[in-house]
Asker: 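Shown below is the structure under consideration.
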Amino acid sequence: MKKIVVWALIASLAGFLFGFDTVVISGADKKLQVLWNSSDAFHGTIVMGMALWGTVLGAIFGGIPSNRIGRRNTLVWIGILFLFSAIGSAFANNPFVFAAFRFIGGLGVGASTIAAPAYISEIAPAKDRGKLVAFYQFNIVLGILMAFLSNYLLNDVGENSWRWMMGVQAIPSVIYVLLIITIPKSPRWLLSKSRNEEARNVLKLMGQEADYEKIKAEIEKDNKDALFTNDTIFLKKYRTPLILAFLMAFFNQLSGINAFLYYSNRIFQEAGLGESTALLSSIGIGVVNLIFTLLGVFLIDKLGRKVLMYIGSFGYIISLSLVAMAFFFHWGGIAVPVFLFLFIAAHAIGQGAVIWVFISEIFPNHLRASGQSFGSTTHWVLAAIIPSLIPYLFSTVGPGVVFIFFAVMMVFQLLFVVFLMPETKGMSLEELSKNLINK
């Protein structure tokens with residue numbers, strides 16, 4: 001079990017690079033808009049938003065290398081993409097070159113949301129799967145916190161501080177690549193490619209050699225069914241997991257989480273905080289996110305996925321409503337930061353802890369990467385559209401209207417949890433896929 005935990009932790013470091021890459025841009029946000037004299041529309045869609053469109057493409061096509069060359073090898077290439085993006089962004093001299101390198105980093109983010117959860121779910125014992133896959137989310141929020149802290153520390157290094165903010169990601173990218181090449185390939189992926197002896201050896205290392213014949217039989221049956229029926233996730237029999245993956249990803253972004261993470265400094269400044277105070281408040285957001293993600297990781301296999309989603313949904317509705325009221329009624333001081341701390345806590349213990357675990361569990365083995373890709377694509381298309389609109393929406397309808405819209409959408413998420421979401425804790429991947437297909 002110790003080896004499995006170490007491998008899961010190493011694979012989940014893709015989440016650290018994901019979190020760092022997503023949020024590090026927030027420190028350079030206004031600096032880049034002033035430097036290149038960009039309009040709100042151009043800045044939002046090209047400079048800030050291009051990485052998110054790279055993420056969409058990575059999510060759409062990330063299932064292909066994950067299936068063909070394997071989850072582990074895909075994770076190696078993801079690290080290389082992050083490294084290339086960090087160096088290129090730091091040396092960019094115009095918004096288009098900057099956007100191109102940010103797009104490359106986005107490819108890594110999108111692909112990581114498929115390969116890392118799939119790899120971890122396939123090596124984890126059923127009773128610990130939620131906790132181990134949630135390591136990925138923990139590393140995302142650790143990366144977010146480190147990006148906020150890095151931005152704060154590098155903010156005053158000179159007029160080109162944004163270059164240091166973007167380039168520092170090269171360091172964890174190199175460390176990640178060196179670590180990821182030490183972990184074995186997924187035994188379930190090896191079995192799906194009829195590399196049976198390699199799979200047996202990995203299961204032996206995991207202390208699960210006794211399960212070899214059972215897992216092999218299930219995967220051979222899975223592959224045979226796929227061969228004769230030309231399976232895709234869009235067949236009617238997979239409608240239930242498909243709808244569940246779509247709604248989970250849809251509501252994740254309609255909470256406004258990525259819009260907030262991308263524009264945290266801008267939101268705090270809209271609430272009346274100075275730039276330095278806004279950066280410090282962003283670090284506070286990262287700390288709260290980390291603490292409540294840890295709590296979510298601890299509870300996900302004890303209370304279950306559905307209970308955490310209940311807690312998160314109620315927390316979303318309360319906190320987003322309070323943020324909207326703070327903007328409508330011009331509540332000053334620390335009101336907005338406090339309400340947003342509550343919002344991030346609700347996200348971390350609910351959607352943040354659950355989304356990648358849940359989506360990685362609900363599809364059969366031969367369609368897991370495709371299902372992950374579908375859920376991830378839904379997530380990232382919305383994550384590209386919503387943050388790109390924030391500068392324009394804030395300057396037209398105002399932040400109060402934006403946050404009340406997010407609050408209303410979280411009421412619909414609560415209805416999804418009550419009436420549609422199944423509990424998946426403690427069940428084997430094969431048992432889950434049978435139940436959801438039959439359903």
Side-chain angles (χ1 to χ4, degrees), residues 9-29 31-32 47-52 54-55 58-59 75-92 98 101-113 115-117 134-155 157 161-180 257-258 260-265 279 282-290 293-294 344 347-348 352 356 379-380 383 387:
L9 277 170
I10 291 172
S12 71
L13 289 174
F16 180 93
L17 297 177
F18 162 179
F20 197 100
D21 185 86
T22 300
V23 169
V24 73
I25 189 70
S26 67
D29 172 19
K31 290 179 174 65
L32 293 176
V47 178
M48 298 292 286
M50 192 55 68
L52 290 167
T55 303
L75 288 169
V76 174
W77 281 105
I78 285 167
I80 293 169
L81 289 175
F82 279 124
L83 175 62
F84 192 49
S85 172
I87 295 170
S89 300
F91 286 99
F98 180 85
F101 279 105
R102 288 288 293 159
F103 181 86
I104 291 169
L107 292 174
V109 171
S112 82
T113 59
F135 282 168
Y136 178 69
Q137 178 64 22
F138 169 78
N139 271 287
I140 292 173
V141 301
L142 182 61
I144 288 170
L145 174 58
M146 290 299 103
F148 281 139
L149 182 60
S150 172
N151 286 346
Y152 178 73
L153 295 174
L154 295 171
N155 189 51
V157 298
S161 60
W162 66 270
R163 294 189 187 277
W164 290 99
M165 290 177 182
M166 305 308 300
V168 76
Q169 189 180 2
I171 298 169
S173 298
V174 170
I175 295 170
Y176 166 77
V177 171
L178 294 175
L179 287 172
I180 202 71
I257 183 62
N258 268 52
F260 170 61
L261 292 175
Y262 255 60
Y263 295 102
S264 57
N265 287 350
L279 282 167
S282 295
I283 294 173
I285 288 293
V287 172
V288 172
N289 202 0
L290 187 69
T293 297
L294 275 171
I344 217 73
H347 173 79
W356 305 118
H379 175 280
W380 289 113

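All figures in this text were calculated on a predicted structure; none of them were measured in a lab.
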Asker: Applying side chain to side chain contact (heavy atoms under 4.5 Å, CB included), run through Ile344 and Phe260 and close with a yes or a no.
Answerer: CA-CA 9 Å; Ile344 217 73; Phe260 170 61; 3.8 Å; yes

Asker: Which heavy atom of Gln169 sits nearest to which heavy atom of Asp21, and what is that distance?
Answerer: OE1-OD1, 3.3 Å

Asker: Less than 4.5 Å apart, side chain to side chain, heavy atoms only: is that true for Phe101 and Phe91?
Answerer: no

Asker: Which heavy atom of Phe98 sits nearest to which heavy atom of Leu32, and what is that distance?
Answerer: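 That would be CZ-CD1, 3.5 Å.
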
Asker: Can any side-chain N or O of Arg163 pair as donor or acceptor with the backbone N or O of Ala92 at less than 3.5 Å?
Answerer: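 Judged by distance alone, yes, a pair lies under 3.5 Å.
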
Asker: Looking at Ile87 and Ala170, what are the two nearest heavy atoms and their distance?
Answerer: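 Shortest heavy-atom separation between Ile87 and Ala170 comes out as CG1-CB, 4.1 Å.
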
Asker: Quick one: pull up CG in Leu145 and OG in Ser150 and give me the separation to the nearest 0.5 Å.
Answerer: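 Those atoms lie 11.0 Å apart.
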
Asker: Would the distance check show the side chain of Tyr136 and the main-chain N or O of Thr113 forming a donor-acceptor pair, the cut-off being under 3.5 Å?
Answerer: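 It does hold such a pair.
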
Asker: For a 4.5 angstrom cut-off between non-hydrogen side-chain atoms, does Val287 reach Phe148?
Answerer: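 Side-chain contact under 4.5 Å: no.
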
Asker: Could you pull out the closest heavy-atom pair between Ala111 and Ile78, with the gap in Å?
Answerer: C-CD1, 3.6 Å

Asker: So which atom in Leu52 and which in Ala383 form the shortest heavy-atom distance, rounded to 0.1 Å?
Answerer: CD1-O, 2.9 Å

Asker: Would you indicate whether the side-chain heavy atoms of Asn151 and Asn155 approach each other to under 4.5 Å?
Answerer: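 Side chain of Asn155 against side chain of Asn151, heavy atoms only: no contact under 4.5 Å found.
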
Asker: In the structure I gave you, are the side-chain heavy atoms of Val177 and Leu83 within less than 4.5 Å of one another anywhere?
Answerer: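 When only atoms from C-beta onward are counted, Leu83 and Val177 do not touch, as no gap falls below 4.5 Å.
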
Asker: Measuring from Phe138:CZ to Asn289:CG, what's the distance to the nearest 0.5 Å?
Answerer: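 One gets 10.5 Å once the value is rounded to the nearest 0.5 Å.
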
Asker: Could you state the interatomic distance from CD1 (Ile283) to OH (Tyr152), rounded to the nearest 0.5 Å?
Answerer: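 So the CD1 of Ile283 and the OH of Tyr152 are separated by 6.5 Å.
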
Asker: Measuring from atom CG of Leu17 to atom OG1 of Thr22, what distance do you get when rounded to the nearest 0.5 angstrom?
Answerer: 10.5 Å

Asker: Does Ser89 use its side chain to pair, donor to acceptor, with the backbone of Ser85 at less than 3.5 Å?
Answerer: yes

Asker: Measuring from Tyr176:OH to Phe82:CZ, what's the distance to the nearest 0.5 Å?
Answerer: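 Here the interatomic distance stands at 8.0 Å.
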
Asker: Side chain to side chain contact (heavy atoms under 4.5 Å, CB included) between Val47 and Asp29: does it pass, once the steps are laid out?
Answerer: CA-CA 9 Å; Val47 178; Asp29 172 19; over 6 Å; no

Asker: Ignoring hydrogens, what is the shortest heavy-atom contact between Val24 and Met165? Give both atom names and the distance.
Answerer: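 Closest approach of Val24 to Met165: CG2-O, 3.1 Å.
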
Asker: Between atom OG1 of Thr293 and atom NE2 of His347, what is the distance when rounded to the nearest 0.5 Å?
Answerer: 7.0 Å

Asker: Any non-hydrogen side-chain atom of Phe135 less than 4.5 Å from a side-chain atom of Ile10?
Answerer: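 A side-chain contact under 4.5 Å is absent here.
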
Asker: Is there a side chain to side chain contact (heavy atoms under 4.5 Å, CB included) between Ile171 and Ile175? Walk through the geometry before answering.
Answerer: CA-CA 7 Å; Ile171 298 169; Ile175 295 170; 4.2 Å; yes

